Amino acid sequence: NTAYNIYAYYPYANQADGPKEVLYSVNEDQSTSKDYYKSDFLRAYAESVKKTSKPVELTFNHLMSKILLTITPDDTFEGDEFDNATKVVKIGNVPYTGIINLADGTVTGKETNTKTITASAGEDNTFSAIVFPLNATDVKFSIEIGGKSYSATLPSASFTIM
């Protein structure tokens with residue numbers, strides 16, 4: 001008759017003592033889909049589950065934030081120059097590490113720990129990166145298009161859970 005609380009998370013980290021808190025960091029280089037998706041953190045929880053022979057349904061929720069950036073050309077590009085150019089997006093001074101409480105789903109970041117993250121390229125000149133859901137100041141965007149560099153700074157940002 002004992003009831004149990006069940007939690008599951010991805011990506012899994014084998015910790016023998018059954019952690020309630022996990023120290024987690026997103027990948028600095030998220031340019032490949034593999035490293036981008038490994039940066040996300042998913043958690044599911046079921047409370048007061050009693051012994052049963054039926055599967056326990058778990059719904060996973062994202063606990064990280066997602067930055068989505070779309071690049072559009074201005075009139076300095078001619079013809080297909082923009083479409084054919086190699087593009088790299090880096091987002092600097094963003095939170096990348098913290099502690100995730102598996103029992104209650106809270107995320108506590110280490111705001112002093114920031115890095116520059118290389119974003120993942122998607123379709124239609126859209127780039128995305130996964131960061132910790134925290135407030136940040138002086139977020140720096142560095143964009144390279146065909147060997148030309150562009151940059152901008154966002155004075156403050158509030159990253160929330162997706």
Side-chain angles (χ1 to χ4, degrees), residues 7-45 58-74 76-77 81-162:
Y7 55 87
Y9 59 98
Y10 171 85
Y12 177 74
N14 186 11
Q15 297 181 16
D17 60 352
K20 291 240 165 89
E21 291 187 337
V22 174
L23 177 63
Y24 189 70
S25 297
V26 299
N27 290 321
E28 187 173 356
D29 184 356
Q30 297 179 18
S31 60
T32 66
S33 14
K34 175 185 170 189
D35 289 328
Y36 172 78
Y37 287 112
K38 278 187 174 179
S39 293
D40 200 359
F41 194 95
L42 303 168
R43 171 195 171 263
Y45 184 75
L58 296 172
T59 301
F60 283 85
N61 294 298
H62 297 272
L63 295 183
M64 296 291 106
S65 293
K66 179 179 180 178
I67 298 174
L68 186 62
L69 179 72
T70 301
I71 302 172
T72 55
D74 61 12
T76 61
F77 294 92
E81 179 185 11
F82 180 80
D83 291 332
N84 296 329
T86 302
K87 300 168 191 81
V88 176
V89 173
K90 294 188 178 191
I91 306 164
N93 207 31
V94 291
Y96 78 97
T97 190
I99 295 175
I100 298 170
N101 184 310
L102 296 173
D104 65 13
T106 57
V107 178
T108 308
K110 299 184 182 259
E111 295 187 36
T112 57
N113 292 343
T114 62
K115 279 194 176 182
T116 297
I117 294 175
T118 303
S120 175
E123 295 181 14
D124 300 324
N125 298 308
T126 301
F127 293 79
S128 55
I130 294 175
V131 297
F132 258 77
L134 299 169
N135 294 327
T137 56
D138 297 323
V139 178
K140 300 179 185 330
F141 295 91
S142 170
I143 303 167
E144 188 176 303
I145 304 172
K148 298 177 188 173
S149 295
Y150 304 88
S151 63
T153 301
L154 185 63
S156 65
S158 180
F159 299 113
T160 58
I161 293 175
M162 295 193 271

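Bear in mind that the values here come from a model prediction, so they are computed numbers and not experimental data.
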> Do F159 and F132 have their ring centres less than 6.0 Å from each other?
Replying inline: no
> Strictly by modelled atom types, are D124 and T126 linked by a side-chain donor-acceptor pair under 3.5 Å?
Replying inline: no
>> Angle between ring planes, Y24 versus F41, binned at 30° and 60°: parallel, tilted or perpendicular?
In response: perpendicular
> With distance as the sole test, does D35 use its side chain to make a donor-acceptor pair with the main-chain N or O of N27 at under 3.5 Å?
Replying inline: no
>> Test your reading of the model: is there a side-chain donor-acceptor pair from Q30 to the backbone of I117, 3.5 Å cut-off?
In response: no
> Under 3.5 Å, is there a donor-acceptor pair between the N125 and T70 side chains?
Replying inline: no
>> A cation-pi test, strictly: NZ or CZ of K87 under 6.0 Å from the centre of the six-membered ring of F82 and no more than 45 degrees from its axis. Yes or no?
In response: yes
> Above 12 or not: heavy atoms from other molecules or residues under 6.0 Å from NZ of K140?
Replying inline: yes
> Among all residues two or more places apart in sequence or in another chain, which pass the ring pair (Phe, Tyr, Trp, His ring centres under 6.0 Å) test with Y96?
Replying inline: none
> Hey, what do you get for CD1 (I130) to OG (S65), rounding to the nearest 0.5 Å?
Replying inline: 9.5 Å
> Does D138 use its side chain to pair, donor to acceptor, with the backbone of T153 at less than 3.5 Å?
Replying inline: no
> Would you find more than 12 non-hydrogen atoms of other residues, nucleotides or ligands less than 6.0 Å from Y37 atom OH?
Replying inline: no
> Excluding sequence neighbours, so at least two apart, what forms salt bridge (Lys or Arg N to Asp or Glu O under 4.0 Å) with E28?
Replying inline: K115
> For V131, which of T114, V94, V139 qualifies under side-chain contact (heavy atoms from CB on, under 4.5 Å)?
Replying inline: V94
> Hey, what do you get for CG (N84) to CD1 (I145), rounding to the nearest 0.5 Å?
Replying inline: 13.0 Å
